[in-house]
Amino acid sequence: MGSSSGEEGEEEWVPPSRRPELADVAPLPQADGPCPVVSIAYRGDFHEVMDYFRALYAAGERSPRALRLTADAIHLNPGNYTVWHFRRVVLEALDADLLLEMHFVDQIAESNPKNYQVWHHKRWLAEKIGPDAANSEHDFTRKILAMDAKNYHAWSHRQWVLQALGGWESELQYCNQLLEEDVFNNSAWNQRYLVVTRSPILGGLAAMRDSEVDYTVEAIMVNPQNESPWRYLRGLYKDDNNLLVADNRISDACLKVLNKDWTCVFALSFLLDLLRMGLQPSDELKGTIEAMENSDPETGHADIAVAVCSILQKCDPLRINYWSWYQTTLSS
Amino acid sequence: SYDGGFGMVPGSESHGGGTFCAVAALYLMGFIQVDLASNSRESAPIDVQLLLEWCLQRQAADGGFQGRRNKPSDTCYAFWIGGVLKMIGAYHLIDHGALQEFLLTCQTCYGGFSKFPDDELPDIYHSYYGLAALSLLGEEEVEPLCAELGIIAAAL
């Protein structure tokens with residue numbers, strides 16, 4: 001059965017051939033060539049809608065009936081970018097209500113949240129509507145992310161809206177909320193990085209770094225097996241290894257985690273990075289590493305970095321080739 | 001991205017597909033002259049060490065590769081991420097056995113590969129990339145691949 005043309009009511013769908021408004025239109029069949037091979041067996045309603053679409057498209061028509069027909073075509077195949085393109089051309093020619101149009105595409109988007117054409121259309125519309133669209137676009141992506149917190153299209157759109165139209169005010173809080181719901185959500189950590197580094201109201205990375213380190217270290221303590229905060233922490237000190245090494249909270253965090261679980265790969269590898277960057281290991285740290293080595297006795301290592309590397313080969317066997325290669329680079 | 005991988009656009013989350021496209025494009029343009037297997041001097045406009053770490057961390061406990069941190073392993077990323085590692089001369093650093101086992105669990109009873117293990121339904125996209133990944137692994141009876149162009153080496 002066909003789908004509705006996007007209207008709210010329970011009206012029965014009328015095929016184009018029986019619509020009075022299209023009576024003068026000669027449907028244009030698909031040009032499959034003289035000897036089609038493996039022809040698609042289109043469903044009757046699809047076939048008909050597309051034949052009428054082709055006719056209006058070929059004629060270059062820009063009318064309300066053309067707009068209505070593109071809605072039918074979109075419902076039948078929301079991936080048809082030619083139809084979307086034509087719809088935009090008609091929308092512009094008719095100077096149509098863009099807010100109504102956004103409502104239309106949002107309906108399609110909700111049931112097709114990973115469709116590229118839909119998100120492109122939303123972006124095109126939002127750009128035309130301007131900053132006034134920011135709030136509703138954020139509400140919309142929030143809705144989509146509530147169904148799938150990692151939908152890449154939704155995140156892309158949200159980031160674009162922030163940078164093009166604004167709405168930064170509650171974004172950090174939104175990240176907090178998502179991370180409360182799932183601290184493993186790497187998309188949320190990534191968004192946090194965007195907010196912290198690019199929000200025009202927060203003052204930039206340097207200003208935010210301190211509070212962010214505290215937030216991240218806390219997240220690590222609660223879930224040391226979550227790779228996201230470890231990488232985020234590293235990212236906070238991007239391009240500034242000296243500052244990273246100098247921040248005692250970080251080596252302290254590694255130590256604390258290792259004292260509770262000496263096999264924590266993320267803590268070990270972070271420690272290794274710090275040592276490579278010039279961290280002078282405290283006696284406590286040296287003691288912890290020695291204790292780990294004693295848990296698995298092998299010949300002692302004079303160099304603490306080499307020691308950590310050999311521990312990693314045991315604790316992260318999936319990457320044993322990497323850690324042994326890494327060890328060879330330490331001696332050079 | 002701040003973590004060594006590449007997203008689709010600046011600011012976006014690091015993603016296996018985005019990372020492959022970025023690295024392959026740079027590689028084809030000649031900007032990436034890196035071979036981590038040898039001790040030669042590297043030349044690259046990107047942070048190769050951080051990229052390497054990002055790629056290797058994408059191999060999950062089940063042996064497969066994830067497209068993004070903390071997401072499930074998916075057949076196709078064995079190619080997207082494996083391809084990157086191949087281009088920087090670091091393919092030997094992954095756990096080959098674990099990956100091969102993972103890929104085989106993604107092959108369905110119909111012969112084609114699905115996105116996830118134990119899924120009933122294959123698709124052409126995951127079948128292709130599953131096979132491409134097996135090629136990178138050096139699987140017998142599978143033609144060697146030129147990862148950056150996505151064609152068999154013999155075609156070059």
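Lettering follows sequence order; numbering is per chain, from 1.
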Engineer: First locate atom CG of A:L233, then atom OH of B:Y2, and finally report the distance between them rounded to the nearest 0.5 Å.
Structural biologist: 11.0 Å
Engineer: Can you tell me how far apart CG (B:L93) and CD1 (A:I320) are? Round to the nearest 0.5 Å.
Structural biologist: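 Output value for this atom pair is 12.0 Å.
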Engineer: If I measure from the heavy atoms of chain A, does B:I94 come under 4.5 Å with its side chain, its backbone, both, or neither?
Structural biologist: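 Contact with chain A is through the backbone of B:I94 alone.
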Engineer: Which of these, B:H92, B:Q59, B:Q57, B:E53, sits in a side-chain contact (heavy atoms from CB on, under 4.5 Å) with A:Y322?
Structural biologist: B:E53
Engineer: Who among B:D95, B:D47, B:L52 has the most heavy-atom pairs with chain A under 4.5 Å?
Structural biologist: B:D95
Engineer: Select one option (side chain, backbone, both, neither) describing which atoms of A:Q159 are under 4.5 Å from chain B's heavy atoms.
Structural biologist: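 Only the side chain of A:Q159 comes within 4.5 Å of chain B.
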Engineer: Around atom CD1 of B:I124, are there more than 12 heavy atoms of other residues, nucleotides or ligands at under 6.0 Å?
Structural biologist: no
Engineer: Going by atom types only, do A:N185 and B:N70 share a side-chain donor-acceptor pair under 3.5 Å?
Structural biologist: no
Engineer: Take atom OH of A:Y116 as the centre, draw a 6.0 Å sphere, and report whether it contains more than 12 heavy atoms from other residues, nucleotides or ligands.
Structural biologist: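 No, because the 6.0 Å sphere around OH of A:Y116 holds 12 heavy atoms or fewer from other groups.
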Engineer: What part of A:R231 gets within 4.5 angstrom of chain B, counting heavy atoms only: side chain, backbone, both, or neither?
Structural biologist: both
Engineer: Quick check against the 3.5 Å criterion: does A:N190 have a side-chain atom that pairs as donor or acceptor with the backbone of B:G11?
Structural biologist: yes
Engineer: Just by distance, with hydrogens left out, do B:E13 and A:N186 show a side-chain donor and acceptor under 3.5 Å apart?
Structural biologist: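 Looking only at side-chain atoms, A:N186 and B:E13 do form a donor-acceptor pair, the distance falling under 3.5 Å.
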Engineer: Using atom types as modelled and distance alone, determine if a side-chain donor or acceptor of A:Y152 lies under 3.5 Å from a backbone N or O of B:M8.
Structural biologist: yes
Engineer: Please rank A:E227, A:Q163, A:K238 by heavy-atom pairs under 4.5 Å with chain B and give me the top one.
Structural biologist: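 Looking at each option in turn, the highest pair count goes to A:E227.
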Engineer: Under 4.5 Å from any heavy atom of chain B, what part of A:L194 do you find: side chain, backbone, both or neither?
Structural biologist: side chain
Engineer: Count the heavy-atom pairs under 4.5 Å between each of A:Y193, A:F184, A:Y232 and chain B, then report the option with the highest count.
Structural biologist: A:Y193
Engineer: Using non-hydrogen atoms only, which part of A:W189 is less than 4.5 Å away from chain B: side chain, backbone, both, or neither?
Structural biologist: both
Engineer: Which atoms of A:N226 come close to chain B, meaning under 4.5 Å heavy atom to heavy atom: side chain ones, backbone ones, both, or neither?
Structural biologist: side chain
Engineer: At what distance, to the nearest 0.5 angstrom, does CG of B:L56 lie from CH2 of A:W323?
Structural biologist: 9.0 Å
Engineer: Would you say that more than 12 heavy atoms from the other residues, nucleotides or ligands in this model lie under 6.0 Å from the CG of A:N135, or not?
Structural biologist: no
Engineer: Could you look at B:A90 and say if it's the side chain, the backbone, both or neither that has a heavy atom under 4.5 Å from chain A?
Structural biologist: neither
Engineer: Would the number of heavy atoms belonging to other residues, nucleotides or ligands and lying under 6.0 Å from CD of A:Q225 be above 12?
Structural biologist: yes
Engineer: Answer with side chain, backbone, both or neither: which region of A:Y237 has an atom nearer than 4.5 Å to a non-hydrogen atom of chain B?
Structural biologist: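 Interface part for A:Y237: neither.
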Engineer: For B:R68 and A:S187, indicate whether the former's side chain and the latter's backbone hold a donor-acceptor pair under 3.5 Å.
Structural biologist: no
